[in-house]
Protein chains: 2
Amino acid sequence: MSLHAEPLKVNYAYQQIADRIQEQILEGSLKPGEKLPGEMELAQMFGVTRSTVREGLRQLEQDGFVFRPSPRRLEVRLPAADQLSSRAGRAMALMKVTFRELWQVTMETEPLAAKLAVQRATEAEIAELQCIHDRLVAAKGDLDRTVQLDTQFHSAIAEYGKNRVLNLAREPIALLLFQGLTQIVQPVPQSYARQITAHGNILNAIRDRDADLASFWARKHIQDFWRGVCIAGLEDAPAIKNPKSLTT
Amino acid sequence: MSLHAEPLKVNYAYQQIADRIQEQILEGSLKPGEKLPGEMELAQMFGVTRSTVREGLRQLEQDGFVFRPSPRRLEVRLPAADQLSSRAGRAMALMKVTFRELWQVTMETEPLAAKLAVQRATEAEIAELQCIHDRLVAAKGDLDRTVQLDTQFHSAIAEYGKNRVLNLAREPIALLLFQGLTQIVQPVPQSYARQITAHGNILNAIRDRDADLASFWARKHIQDFWRGVCIAGLEDAPAIKNPKSLTT
DNA sequence: CATAGCCTGATTGTCGGACACTACGACTGT
DNA sequence: ACAGTCGTAGTGTCCGACAATCAGGCTATG
């Protein structure tokens with residue numbers, strides 16, 4: 001027969017404390033930005049020692065439920081997206097995911113982001129996009145700055161599409177892929193110009209509110225990126241050489 | 001001008017300990033499965049107190065770098081994908097992401113997963129898929145079981161596509177969306193039959209190694225899902241009512 | 001009145017020591 | 001070889017303490 005052997009987890013005190021506080025945050029009785037009592041007071045409230053409270057807090061801190069700008073301030077906070085992004089990025093880095101894997105997914109996410117941006121971006125946001133693009137043009141030749149602005153441009157488009165799920169999923173992937181540019185642009189110098197025109201096309205399509213066109217150019221842009229990877233012969237190379245570089 | 005004001009983080013002892021150990025894990029000198037020294041020994045090695053080591057370990061534990069099956073065993077481990085999935089899922093739940101957001105992304109991920117599966121799935125894996133599908137057919141009428149098998153079917157396709165990036169990104173999204181089925185199927189009972197035929201179409205296309213067709217049916221399947229959401233009038237409803245249900 | 005600088009108390013990071021309880025590994029007997 | 005027993009090391013939790021340092025209020029100054 002099937003004996004249901006439940007995991008039977010022992011609840012340690014520090015675990016319970018973390019759970020209780022997290023519960024109250026999720027439930028809403030503790031609102032983000034609010035200041036939490038000090039460790040001693042918490043210890044008194046829960047009837048445990050400061051050490052125990054401490055371990056519980058470490059856990060919440062790591063989960064992003066509390067924020068510690070300075071040792072004295074202890075604020076409630078909801079886990080932000082970038083927390084996950086960096087974690088996911090780290091995970092992918094140490095899985096040694098290849099450019100091919102990143103590219104295959106990006107090939108879908110970026111066109112979608114562009115399409116959504118066409119529908120949802122405000123005029124002000126489009127102006128912001130133009131600004132980023134102008135800076136990219138100005139940075140022509142500067143590798144690091146180009147990579148940074150490229151990433152920013154794509155992130156902005158995704159953000160303006162106002163789909164939080166897409167943003168959550170896309171961020172770490174795009175980061176890794178575009179960061180990989182650092183290994184690409186060198187062998188293919190004319191990329192600078194190609195990238196600028198590609199971004200220009202996407203930007204114009206968004207401004208004209210032409211969803212299909214924006215999606216088309218985004219796709220084309222990522223495809224072009226792939227050509228660069230192929231020329232460099234890095235299709236199945238890990239997108240990051242040593243995972244150590246992501247030290248929180 | 002742009003003054004680069006870095007956050008200038010003070011390195012506390014427990015932080016340094018966590019960093020040092022993590023470093024050695026990433027670098028490879030500590031291999032997964034290996035047993036770590038006890039807290040007292042570690043304390044001696046790093047020249048700090050056990051309390052300090054403890055806080056550092058809590059952090060690694062939370063990050064998934066060490067695993068504690070029992071209080072006595074302390075193993076090295078690499079963060080697994082499902083760790084992130086659940087975390088991402090929690091985050092999305094408490095952001096109250098809508099069905100629309102989930103659907104828009106799934107509309108891209110599932111067809112891609114199907115396409116990749118066509119290219120990369122082995123015969124054995126296709127047989128496995130068939131098995132899952134058979135069980136779905138048998139479960140007709142049982143809501144919970146249907147949801148579970150539906151999720152499993154899609155997960156399997158994604159897995160057989162062998163793109164780790166896609167899997168990482170897709171998993172929590174699909175989970176939330178298909179879980180949402182629970183709220184949908186009730187209003188639209190004939191979904192059972194439609195879902196079975198849809199899955200059958202996808203399965204056949206994969207077996208015939210027809211990438212475009214597999215992608216087409218996957219898309220159609222997700223589109224069909226959306227119709228159900230619309231009928232229920234849940235387009236912009238949060239996909240999960242209370243985030244509390246995800247208590248690790 | 002608003003602002004800048006100073007001061008003090010409270011709180012944190014870290015330390016050392018202590019105790020009950022439990023699981024791991026060795027020992028024993030069959 | 002196996003099952004049962006047992007000692008011990010190691011963990012979870014507690015207590016108390018100390019220096020460093022930051023928050024918030026106080027003061028002085030314009």
Side-chain angles (χ1 to χ4, degrees), chain A residues 5-23 25 30-77 247-248, chain B residues 3 5-23 25 30 32-77 247-248:
Chain A
E6 22 182 305
L8 177 55
K9 61 179 77 170
V10 184
N11 268 3
Y12 297 111
Y14 64 89
Q15 259 292 359
Q16 289 184 41
I17 293 193
D19 287 348
R20 288 280 268 284
I21 296 181
Q22 173 177 335
E23 211 173 291
I25 294 178
L30 286 175
K31 284 183 189 63
E34 203 168 332
K35 207 173 61 186
L36 245 61
E39 298 179 352
M40 287 203 301
E41 199 167 339
L42 282 173
Q44 223 166 337
M45 291 165 68
F46 285 102
V48 297
T49 331
R50 201 161 70 93
S51 325
T52 307
V53 168
R54 228 141 194 296
E55 298 191 34
L57 285 181
R58 279 289 111 69
Q59 200 155 324
L60 290 173
E61 203 175 323
Q62 206 61 15
D63 267 350
F65 281 103
V66 306
F67 178 49
R68 230 179 241 270
S70 111
R72 306 305 173 85
R73 285 195 61 80
L74 191 64
E75 297 181 348
V76 176
R77 210 179 59 164
T247 320
T248 310
Chain B
L3 167 59
E6 25 181 304
L8 178 55
K9 57 182 77 168
V10 183
N11 269 5
Y12 298 110
Y14 65 89
Q15 261 292 359
Q16 290 184 40
I17 292 191
D19 288 347
R20 287 280 268 285
I21 295 180
Q22 174 178 334
E23 211 173 290
I25 294 178
L30 287 175
E34 203 166 332
K35 207 173 64 187
L36 248 60
E39 297 179 353
M40 298 212 305
E41 199 169 338
L42 283 174
Q44 222 167 337
M45 290 166 69
F46 284 104
V48 298
T49 332
R50 201 161 69 93
S51 326
T52 308
V53 168
R54 222 140 203 298
E55 298 191 33
L57 285 181
R58 278 289 111 70
Q59 199 156 321
L60 290 173
E61 205 174 325
Q62 204 62 14
D63 268 350
F65 281 104
V66 305
F67 177 50
R68 233 180 238 270
S70 111
R72 304 304 177 84
R73 287 194 61 80
L74 192 63
E75 298 181 347
V76 175
R77 213 179 57 164
T247 319
T248 311

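Note on naming: letters A, B, ... go to the chains in the order of the sequence lines (proteins, then strands), and numbering restarts at 1 for each one.
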Least distance between heavy atoms, A:Ala43 atom then A:Thr49 atom
CB-C, 3.8 Å

Closest non-hydrogen contact found for B:Ala18 with B:Leu60 is O-CD2, 3.5 Å

Which whole-number value in Å describes the distance from [X] [atom1] to [N] [atom2]?
X	N	atom1	atom2	answer
B:Leu57	D:dG10	CG	C1'	13 Å
A:Gln44	C:dT11	CD	C1'	14 Å
A:Met40	D:dC14	CE	P	16 Å
B:Tyr12	C:dT11	OH	P	16 Å
A:Tyr14	D:dG12	OH	C1'	8 Å

[options]: which one has an atom nearest the side-chain heavy atoms of [X]?
X	options	result
B:Thr52	D:dT11, C:dG13, C:dC15	C:dC15
A:Thr49	C:dT14, D:dT13, D:dC14	D:dC14
B:Val48	C:dC15, C:dG13, C:dA23	C:dC15

Spell out yes or no: do the side chain of B:Arg50 and the base of D:dG10 have one donor N/O and one acceptor N/O closer than 3.5 Å?
no

Does any donor-acceptor pair link the side chain of A:Arg73 with the base of C:dT12 at a separation under 3.5 Å?
no

Please step through side-chain contact (heavy atoms from CB on, under 4.5 Å) for the pair A:Phe65 and A:Arg77, ending with a clear verdict.
CA-CA 5 Å; A:Phe65 281 103; A:Arg77 210 179 59 164; over 6 Å; no

Determine: side-chain N/O of A:Lys35 to OP1/OP2 of D:dG24, distance under 4.0 Å, yes or no.
yes

Taken to the nearest 0.5 Å, the spacing of A:Tyr14 OH from A:Arg54 CZ works out to 15.5 Å

With a 4.0 Å cut-off on heavy atoms, is A:Ser51 in touch with a base, just the backbone sugar-phosphate, or nothing at all?
base

Please tell me which of A:Gly47 and A:Pro71 maps to the more 5' nucleotide of DNA chain D, matching each residue to the nucleotide holding its nearest heavy atom.
A:Gly47

